[in-house]
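For reference, the structure discussed in these notes is given below.
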Amino acid sequence: MSSYESSAFSNWYVEECCDWEGVECDPSHTRIHKIFFPHLRSDSEPWFPNATLFARFKDLQELELPGNYIGGFITIHAFRKLKHLRKLNLRDNFIQNGSNLCWGKYLLLYNLDLSGNKLQGNLPECLCDNLFLKELILSHNNLFGSINSCLGNMTSLRLLDLSDNQFSGYFPSLIISNLTNIESLFLSRNELQGKISLCVFANLSRLSELDISFNHLEVETEMMSPSCFPSFKLSTLSLGGCNVKKISPWMLHNITSELWLSGNNLTGLFISNFQNITSKLTLLDISDNFLHGTLPEGINLNFPELRHLDLSNNSFNGNLPIFFSVQLQMLDLSDNQFQGGIPHGMTSNMSCLLYLRLSRNNLTGDLFPKNSSLPNLRWIYLNNNHLSGTFPYALSKIMKLRIIDIQNNELSGELSSYLPVLPKLNILILGGNQFGGQLPVQICQMRDLHVLDLSENDLSGDIPDCVDNVTSWLDSSYGGYFLYDSWNKIDLTFKGSRYIYSAPPLAYLRVIDVSCNRLTGKIPIQMTRLKGIHSLNVSNNLLIGQIPSSLGNLINLESLDLSHNNLTGVLPHELVGLVSLSAFNVSFNNLSGMIPIEKQFGTFESDSYLGNPNLCGHPLQIKCNDSAETPPIYARAEKSVSIMYFAVLICPFFIVICLG
């Protein structure tokens with residue numbers, strides 16, 4: 001796609017131009033009015049196409065080239081010929097110099113999208129020459145400095161997105177107040193500072209979406225004085241991390257859809273903030289604040305239309321509410337102090353619920369009440385509570401489940417008797433409970449399983465020899481049906497430490513952890529075929545036999561923990577081929593012989609090998625003697641050296657005889 005002859009434009013030479021790839025024609029089917037080539041180039045080098053390629057289409061109205069690693073244009077002034085161009089979409093490219101896009105005096109653009117590029121420095125003043133622009137999107141770049149005052153002259157703007165840059169200085173109140181036609185304003189995740197009042201926006205009567213979250217602002221939300229009354233009716237207000245101290249009543253009446261207030265300084269009781277309110281909000285996020293007290297049992301009466309409710313990381317206590325909005329799709333009450341059981345009303349009246357997180361509370365009783373019905377649930381997090389009973393039967397009826405995290409509770413019973421086959425499950429985390437019986441073979445039928453954590457239970461028996469039926473463990477490139485969202489995050493042990501993983505890395509992680517159980521038998525040969533996994537932990541069990549040399553086939557392995565078992569024999573030299581391995585532990589077994597020292601094995605500390613009296617060599621202080629057992633490759637090498645030594649000694653003797 002770097003020239004006319006490239007494959008991307010391969011059919012741009014047939015006679016009928018309206019049949020060309022990536023173009024749309026006007027109704028008369030005689031003139032090209034749109035060119036759309038998204039994400040066609042995967043080269044690592046920036047591309048600088050010649051603007052004359054597009055300038056010849058004099059009636060072109062829309063030019064969209066997102067995700068093509070464009071670094072700029074050759075003969076950029078050719079764009080001035082596109083007198084009818086109204087929309088230019090260059091998002092997700094590699095453009096660094098915004099001054100190369102200065103043709104505003106010549107074009108009548110309505111929509112300019114340069115988001116997701118590498119724009120650096122101050123906002124190019126020439127962009128303000130596009131006085132007729134209705135949408136200017138510059139998010140996810142490296143722009144810094146004060147926001148250029150010339151933006152205040154762009155009074156036709158309806159959408160301005162400067163989010164995810166490094167703009168600094170005081171909040172540009174005067175500039176913003178001039179944008180009287182603005183409908184959507186996004187300035188989040190910059191370095192803006194100062195104390196401002198929402199009165200700055202009071203006269204922007206068309207304002208519908210406002211996001212100034214996560215700067216260094218202190219925002220006063222009161223707007224009910226005669227001199228400051230909102231003339232707008234917002235659909236979305238995002239004030240995350242804005243040092244907001246109070247939820248003003250007008251917010252709950254004037255905002256019709258989404259209210260984001262996470263990471264602020266809200267205090268007091270939930271009731272005092274929301275009593276006698278009936279709101280039309282579909283989303284309420286007041287997570288990471290200092291609210292406390294109980295929630296009303298009929299919270300659905302205050303928010304009958306809620307689809308997303310996040311009250312996590314506060315200090316709410318008491319019992320969970322019985323009723324929520326029947327339309328609720330996402331509920332997060334984690335990291336609070338709720339107690340008691342999970343009410344039946346919560347799990348039987350929310351057929352739309354997709355996401356449920358009640359982690360890190362003080363909940364007790366059965367995991368799910370009997371006859372629970374959550375048919376559309378995808379993600380469930382009930383970890384770090386005091387829930388008891390067996391693996392809930394209710395989950396066996398939810399075939400769409402993707403993630404189950406119920407680690408660190410008090411669940412028990414034979415897991416193999418209760419665990420259902422959930423064909424779309426990606427992550428199953430049951431560690432830190434009291435499950436007994438054998439490892440369930442149902443796991444082998446969950447072919448899209450990415451992460452399995454059954455650690456710290458009371459499981460026994462052999463590791464099933466059907467583990468190689470799980471397709472996603474065989475090949476790390478296999479994506480399966482994994483669906484991730486920014487909401488999803490899991491607490492997982494990896495390389496011996498606890499980490500919190502979230503999307504998108506979560507989608508690529510492959511982990512098996514069955515440590516701290518009572519598993520017996522040998523490491524099955526089928527486990528050595530799981531070339532897709534990144535971490536394997538079978539430590540603290542009762543495994544016997546030798547370490548299979550074919551574990552060296554697990555080419556993506558970054559962490560391997562076989563410690564605290566009864567493994568015997570030598571360390572297979574094939575493990576040296578695991579070039580991604582950075583965490584390795586075989587301590588406290590009955591291994592013997594010489595420790596490999598090549599490649600990354602030269603970086604592992606002595607802790608990796610302690611408790612094996614017959615192991616020798618670096619990094620242990622035990623030197624190997626002539627009788628030390630060595631891995632086969634060392635044995636072959638020593639044998640070759642011996643033969644050569646013998647030949648050196650014996651050959652002169654034969655030479656003397658022959659000459660004699």
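Since the structure is predicted, the reported quantities are computational estimates derived from the model, not experimental observations.
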Check for a donor-acceptor pair, side chain of [X] on one end and backbone N or O of [Y] on the other, with a separation under 3.5 Å.
X    : Y    : value
N215 : L187 : yes
N385 : N361 : yes
N89  : R91  : yes
R158 : S156 : no
D288 : N313 : no
N165 : S163 : yes
N68  : I70  : no
N122 : N148 : no
N153 : L151 : no
D310 : S312 : yes

At what distance, to the nearest 0.5 angstrom, does [atom1] of [X] lie from [atom2] of [Y]?
X    : Y    : atom1 : atom2 : value
L309 : D285 : CG    : CG    : 8.5 Å
L119 : N141 : CG    : CG    : 4.0 Å
S279 : I255 : OG    : CD1   : 8.0 Å
L185 : L204 : CG    : CG    : 8.0 Å
S205 : E183 : OG    : CD    : 9.5 Å
L311 : L284 : CG    : CG    : 6.5 Å

Side chains of [X] and [Y] only: does a donor on one sit below 3.5 Å from an acceptor on the other?
X    : Y    : answer
N111 : E135 : yes
E209 : S184 : yes
N336 : N314 : no
E191 : H216 : yes
Q327 : R307 : yes

Residue pair [X] / [Y]: nearest heavy atoms and the distance that separates them:
X    : Y    : answer
V451 : L509 : CG2-O, 3.9 Å
F171 : L192 : CD1-CD1, 4.1 Å
N300 : S325 : CB-N, 3.6 Å
L328 : M350 : CD2-SD, 4.0 Å
N433 : N409 : OD1-C, 3.0 Å

Item to complete: Would you sort out whether N383 and S359 count as a side chain to side chain donor-acceptor pair (under 3.5 Å), showing the intermediate values?
Response: CA-CA 5 Å; N383 52 291; S359 312; 2.7 Å; yes

Does any non-hydrogen side-chain atom of [Y] lie less than 4.5 Å from one of [X]?
X    : Y    : answer
L306 : I299 : no
K34  : E64  : yes
L354 : W379 : yes
I380 : L374 : no
L363 : L320 : yes
L353 : F324 : no
F391 : I406 : yes
F338 : L295 : yes

Discussion item. Using the rule given for side chain to side chain contact (heavy atoms under 4.5 Å, CB included), can you reason through L143 versus L162, listing the C-alpha separation, both sets of side-chain angles and the distance that settles it, and then say yes or no?
Written reply: CA-CA 9 Å; L143 297 169; L162 304 180; 5.7 Å; no

Worksheet entry | Audit row: L428, L422, side chain to side chain contact (heavy atoms under 4.5 Å, CB included) steps and yes/no | CA-CA 10 Å; L428 178 62; L422 299 168; over 6 Å; no

Discussion item. Suppose the criterion is disulfide (SG to SG under 2.5 Å): which pairs have a residue in residues 146-181, not counting sequence neighbours?
Written reply: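 Qualifying pairs: C128-C150.
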
For [X], I'd like to know if atom [atom1] has over 12 heavy atoms of other residues, nucleotides or ligands within 6.0 Å.
X    : atom1 : value
F36  : CZ    : yes
E125 : CD    : no
K397 : NZ    : yes

Practice prompt. Apply salt bridge (Lys or Arg N to Asp or Glu O under 4.0 Å) to D161 and list each qualifying residue two or more places apart in sequence or on a separate chain.
Written response: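 Scan of D161 (salt bridge (Lys or Arg N to Asp or Glu O under 4.0 Å), adjacent residues dropped) gives none.
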
Fill in: Parallel, tilted or perpendicular, as decided by the 30° and 60° cut-offs, for the rings of Y69 and F94
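Because their plane-to-plane angle is under 30°, the rings of F94 and Y69 count as parallel.
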
Item to complete: Before giving the answer on side chain to side chain contact (heavy atoms under 4.5 Å, CB included), spell out for L266 and V244 the whole-Å C-alpha distance, their side-chain angles and the decisive distance to 0.1 Å.
Response: CA-CA 7 Å; L266 299 174; V244 174; 4.0 Å; yes

Item to complete: Run the numbers on S257 and T236 for side chain to side chain donor-acceptor pair (under 3.5 Å), then give the verdict.
Response: CA-CA 6 Å; S257 184; T236 301; 4.8 Å; no

Worksheet item: Are N265 and N243 close enough, and set up right, to give a side chain to side chain donor-acceptor pair (under 3.5 Å), and what steps lead you there?
Response: CA-CA 6 Å; N265 292 313; N243 292 300; 3.2 Å; yes

Atom pairs and distances, side-chain donor-acceptor, residues 339-347, under 3.5 Å, sequence neighbours left out:
residue: H344; atom: ND1; partner: S348; partner atom: OG; Å: 3.4
residue: T347; atom: OG1; partner: H344; partner atom: O; Å: 3.3
residue: T347; atom: OG1; partner: S372; partner atom: OG; Å: 3.0

Worksheet item: When you measure from the centre of the six-membered ring of Y110, is the NZ or CZ of K134 under 6.0 Å away and within 45° of the axis?
Response: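 That pair qualifies as a cation-pi contact.
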
Practice prompt. Begin with the C-alpha distance, continue with both residues' side-chain angles, and end with the deciding distance and a verdict on side chain to side chain contact (heavy atoms under 4.5 Å, CB included) for L387 and T364.
Written response: CA-CA 5 Å; L387 298 166; T364 56; 5.7 Å; no

Discussion item. Using the side chain to side chain contact (heavy atoms under 4.5 Å, CB included) definition, which of the options L133, N130, L131 pairs with L157?
Written reply: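 Of the listed options, the one satisfying the test is L133.
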
